[in-house]
Amino acid sequence: MTTPKTSTVIVGGTAPRVLDGLRSRRDLSVLAPGETLAAAFVEVLSTALGHLPPSLRAGVPVVMAATDYCVTTTSRYVARCVEAEAGGRRLRPSEAMSPEPAQLLQELAEVSGWDGPGYVLISPRGATSQATRWALGAVSAGLHEAMAVCEVLRDPDSDGYRVAAVTVTAADADGSRASRAGGTARTGPRLPPRADPSVVVSGTGLVTAFGDGGDAFWQNLLDGNRGLSELTRFDASRFRSRTVCQTDVETPHGQPARRALVDRARREALREAGLDRLPGRTLLVSAGVVPHLPQVGDAPRIDEIALEPGGNDDAAGVAPQNAVLMAHACASGAFGLAMAREWLLCGLADTAVVTGVSSLNSYDYACLDVLRATSTSAARPFDEERSGVTIGEGAGVIVLESAEHAAARGHTPLATLSGISCRVAGQGISRLNAHIGAACMREALAMAGLTSVDYVHGHAPGTRQGDEAELLALDQVGAEHGWRGVPVSSYKGAAGHLLHASVFPAVVAAVRALHHEVLPGTPGLRKPLDARHVRVLRDPEPCDGIRSVMVNNFGFGGNNAAFLLTGGAAGHSEWSTDG
């Protein structure tokens, strides 16, 4: 273990009165106010990262606490939606995109040259303390030589923000390990000595338009079925598309469908993990769910996108300090897996549960509609004639633990999370950057010690630009490693795009492919896009001896992630739906 040390706290922002009140403090370095939040954020983070050795600055992980910013921007977006609906009109494109907090990290990457992992926590009762615990724990355990923590806090008396940042380093950190490796610190994580420093997937739970359970989803995916239906959750008459993949979950009046969906998925995941309840030292990561929004608390159906006032309605008894909300648009699930992995490896938790839910609501729908991201017919991922996404409804839960912890309780895991890479970078709000996507895939492979995989489960929601860019990224990586026709497919033509919960069906498909030695096809696909080093699967096919699956997960706002699941049928006990 290593003793961590912290730098001077750098403070800036767009609230002059607040900054003036801090200038007398000798423990802070207070910068001049910035004209915009993005400019102030970049200045504060760049100054803080300047305290690090040059070889560590570019790749240092940054953990950002941005509860206030998320609440304010989302509330404003919801208010615009309510106003538009009351006036019987669609949103204008300029009104559509609620700024994701990660876009501030995207700005940092574009302006400063930083290209490390970035994470955004929005937990209503402790995002800053969670970010700080993570940095101290990870540096102490040797996972990173340095990390940065920043906070974006709104001034209650103005529209301004205070931004604060601090770096955490190992006492002897000088970047020498990164320099010897010819790159940044992330190229070779230094783990504490242990018998098996692996994190495994112990259980999964899923609810989709095909019903409860991963088995129902998997069988329908193999059969090429499509869970398409007409949207009935709300009045969709003003939107371009009314075709969705909606569940049959009906809840009592006043109870959010979101909660019912998560509860169903959680029960299956715990059963599959051999647990009757969440253990005491559990980290719960809720992916892509915004905190309670008091500014628009009376907006119609607001409970389908926001937590309730207590901020703990989906925590299932987990201590508030271990109940984390993470916001990375449609890549939130993968970012949650990366956070959970590090908390397990540095001993901050014994078990991690990552949850995500997509409950059909007019706010998400309005955004994608005006951006013309939705298909007027149905999604056809990786198809030459694809025209957009079909929004899906559902929920997923993934239980992670260390391999040692699983072995100690006699549980056989489903797969090993062998490598994962998360970046917030790339230009533009909604476009996938093929270069950044390829970088994530490359880093995930390197962490897993692999140069190729047996199968790729693509993000591929069916958008014109995103699907093409993902195949381009795969071809870039394939060209570097000599891939020859690595198979790739996507589930989103079957169950729809579950938005911030989109990674969960992909993980279920990946672990079942490993277990059953069968690769799923791509429902809805007719004319596959061409690629040089991968081949798009239209129909399922056997894959004897499959041992590795790459899963891609991308989102608006420059959120990019890829990870490797490894294992195989020979390493698993017989599958059982009753645990």
Side-chain angles (χ1 to χ4, degrees), residues 58-59 109-110 113 115-117 181-184 186-188 331 334 338 381-384 386 418-428 431-490 492 503 506 509-510 513-514 519-522 525 527-538 541 543 545-555 558-566:
E110 185 176 348
D115 70 344
T184 64
R186 67 173 178 273
T187 58
F382 289 136
D383 195 286
E384 289 182 358
R386 66 201 180 280
S418 299
I420 188 165
S421 174
C422 300
R423 284 190 176 194
V424 181
Q427 296 181 339
R431 295 174 64 85
L432 170 62
N433 184 299
H435 174 72
I436 302 301
C440 289
M441 301 177 204
R442 193 178 297 117
E443 291 170 1
L445 284 166
M447 185 182 292
L450 298 174
T451 57
S452 186
V453 292
D454 297 314
Y455 166 60
V456 176
H457 197 91
H459 183 73
T463 60
R464 297 294 302 175
Q465 190 273 336
D467 288 15
E468 185 174 356
E470 183 174 3
L471 286 181
L472 177 59
L474 285 165
D475 268 346
Q476 288 179 11
V477 176
E480 295 167 7
H481 295 299
W483 290 8
R484 293 180 180 272
V486 171
V488 56
S489 65
S490 168
K492 292 185 178 70
V503 81
L514 289 167
L519 307 182
T522 306
L525 178 61
K527 300 178 181 180
L529 289 168
D530 289 331
R532 297 186 60 187
H533 299 278
V534 298
R535 59 187 178 89
V536 179
L537 296 182
R538 181 165 48 194
E541 64 179 44
C543 186
I546 179 175
R547 301 293 299 177
S548 58
V549 178
M550 176 184 288
V551 179
N552 291 332
N553 194 206
F554 305 122
N559 293 288
N560 308 273
F563 56 93
L564 270 293
L565 296 177
T566 57

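Between the side chain of Gln476 and the main chain of His435, no donor-acceptor pair closer than 3.5 Å is present. In this structure, Lys492 contributes its side chain and His459 its backbone to a donor-acceptor pair below 3.5 Å. Side chain of Arg547 to backbone of Thr566: no donor-acceptor contact under 3.5 angstrom is found. Between the Ser489 side chain and the Pro520 main chain, a donor and an acceptor come within less than 3.5 Å of each other.
Expressed to the nearest 0.5 Å, how far CG of Asn433 lies from CG of Leu472 amounts to 9.5 Å. Rounding to the nearest 0.5 angstrom, the gap separating the OG atom in Ser418 from the CE atom in Met550 is 11.5 Å. One finds the CG atom of Leu474 at 11.0 Å from the NE2 atom of His533 (value rounded to the nearest 0.5 Å). Ile420 contributes atom CD1, which lies 9.5 Å from atom SG of Cys440 (distance to the nearest 0.5 angstrom). Rounded to the nearest 0.5 angstrom, Arg464 CZ and Arg431 CZ are separated by 12.5 Å.
Two residues are said to be in side-chain contact when any heavy atoms from C-beta on lie closer than 4.5 Å; Asp383 and Lys527 meet this criterion. Taking the side chain as every heavy atom from C-beta outward, Phe382 and Pro528 never approach each other to under 4.5 Å.
Of the residues listed (Leu445, Val453, Val486, Thr451), the one engaging Val477 in a side chain to side chain contact (heavy atoms under 4.5 Å, CB included) is Leu445, and it is the only one.
Within the structure, every pair that satisfies the salt bridge (charged side-chain N to carboxylate O under 4.0 Å, His left out) test and touches residues 479-489, not counting sequence neighbours, is listed here: Arg442-Glu480.
Scored by the side-chain hydrogen bond (donor to acceptor under 3.5 Å, both in side chains) test, Asp467 finds no partners at all (sequence neighbours excluded).
Taking 4.0 Å as the cut-off between side-chain N and carboxylate O, Asp115 and Arg423 count as a salt-bridged pair.
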